[in-house]
Amino acid sequence: VRDAVRDCADLWRELAAGEEAAGLPVTRPLDPGFADVVWRWARGDDLDDVLAGVEVGAGDFVRDTKQVADLLRQLREVSAGRALAGTAHNAARTIVRGVVAYTGI
């Protein structure tokens, strides 16, 4: 996960440089803070353990996790036929559990 976050940050730097060179507003930097929270949730940790020591309320956690799941579903769609599609599908299924699965969108 750390490697993926680092790779995403590298891509953001390239994107921001291109935006700046083109005179466009620069996209805000990545905030990898939620990555660890959702990773612990995906590996099966209890909600209380996932939220211990972080400044994320349960409602924000559910909303943000659903957004991650939606992004994973979009990645699945645009990468159909490639290994990423299966990985994204499995990841989305992994995080939509418990309180995340029981709440409406």
Side-chain angles (χ1 to χ4, degrees):
V1 171
R2 285 182 185 94
D3 290 344
V5 170
R6 186 176 44 251
D7 290 347
C8 287
D10 290 345
L11 287 172
W12 172 81
R13 281 189 281 284
E14 290 177 29
L15 175 66
E19 289 171 334
E20 189 171 36
L24 297 170
V26 176
T27 303
R28 65 183 171 92
L30 299 173
D31 178 4
F34 192 69
D36 186 60
V37 172
V38 77
W39 178 77
R40 287 185 283 135
W41 179 250
R43 74 176 181 192
D45 290 6
D46 291 332
L47 183 61
D48 289 338
D49 295 335
V50 168
L51 297 180
V54 296
E55 294 184 22
V56 177
D60 289 336
F61 168 78
V62 169
R63 184 193 68 240
D64 294 348
T65 302
K66 285 181 179 275
Q67 288 178 339
V68 171
D70 184 51
L71 175 61
L72 289 165
R73 289 183 193 109
Q74 291 176 42
L75 285 171
R76 179 193 65 205
E77 295 299 317
V78 300
S79 61
R82 298 191 308 240
L84 177 60
T87 301
H89 176 74
N90 291 335
R93 284 188 25 225
T94 300
I95 65 172
V96 179
R97 64 177 182 88
V99 67
V100 176
Y102 299 135
T103 58
I105 293 180

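Everything quoted here is computed from the prediction, not taken from an experiment.
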Checklist entry - Do Asp45 and Arg43 pass the salt bridge (Lys or Arg N to Asp or Glu O under 4.0 Å) test, and can you show the C-alpha distance, the side-chain angles, and the key distance before you say yes or no? => result CA-CA 6 Å; Asp45 290 6; Arg43 74 176 181 192; 3.0 Å; yes
Distance-only check: which donor-acceptor pairs under 3.5 Å involve side-chain atoms of residues 85-96, not counting sequence neighbours?
| residue | atom | partner | partner atom | Å |
| --- | --- | --- | --- | --- |
| Thr87 | OG1 | Ala83 | O | 3.3 |
| His89 | ND1 | Arg76 | NH1 | 3.2 |
| Asn90 | ND2 | Gly86 | O | 3.3 |
| Thr94 | OG1 | Asn90 | O | 2.7 |

Checklist entry - With sequence neighbours excluded, what pairs up with Asp7 under the salt bridge (charged side-chain N to carboxylate O under 4.0 Å, His left out) test? => result none
Item to check | Geometric class of the Phe34/Phe61 ring pair [parallel <30°, tilted 30-60°, perpendicular >60°] | outcome: tilted
Next on the checklist: Under the rule for side-chain hydrogen bond (donor to acceptor under 3.5 Å, both in side chains), what residues qualify as partners of Gln67, not counting sequence neighbours?
Outcome noted: none
Item to check | side chain to side chain contact (heavy atoms under 4.5 Å, CB included) between Leu30 and Val5, intermediate numbers included | outcome: CA-CA 9 Å; Leu30 299 173; Val5 170; 5.9 Å; no
Checklist entry - Would Leu15 and Leu11 satisfy side chain to side chain contact (heavy atoms under 4.5 Å, CB included), going step by step from the backbone distance to the final call? => result CA-CA 6 Å; Leu15 175 66; Leu11 287 172; over 6 Å; no
Checklist entry - So how far is it from Thr27 OG1 to Trp12 CH2, rounded to the nearest 0.5 Å? => result 8.5 Å
Item to check | Atom pair CZ/OG1 of Arg97 and Thr65 - distance to nearest 0.5 Å | outcome: 9.5 Å
Item to check | Contact check, side chains of Asp49 and Arg40, non-hydrogen atoms, under 4.5 Å | outcome: no
Next on the checklist: Do Asp64 and Val38 have side chains that approach each other closer than 4.5 Å (heavy atoms only, starting at C-beta)?
Outcome noted: no
Checklist entry - Do Val54 and Val68 share a hydrophobic cluster, counting only Ile, Leu, Val, Met, Phe, Trp and Tyr and linking them when any side-chain heavy atoms are less than 4.5 Å apart? => result yes
Item to check | Shortest non-hydrogen contact between Val26 and Glu19, atoms and distance | outcome: CA-OE1, 3.3 Å
Checklist entry - Heavy-atom count around Arg28 CZ within 6.0 Å, excluding the residue itself: above 12? => result no
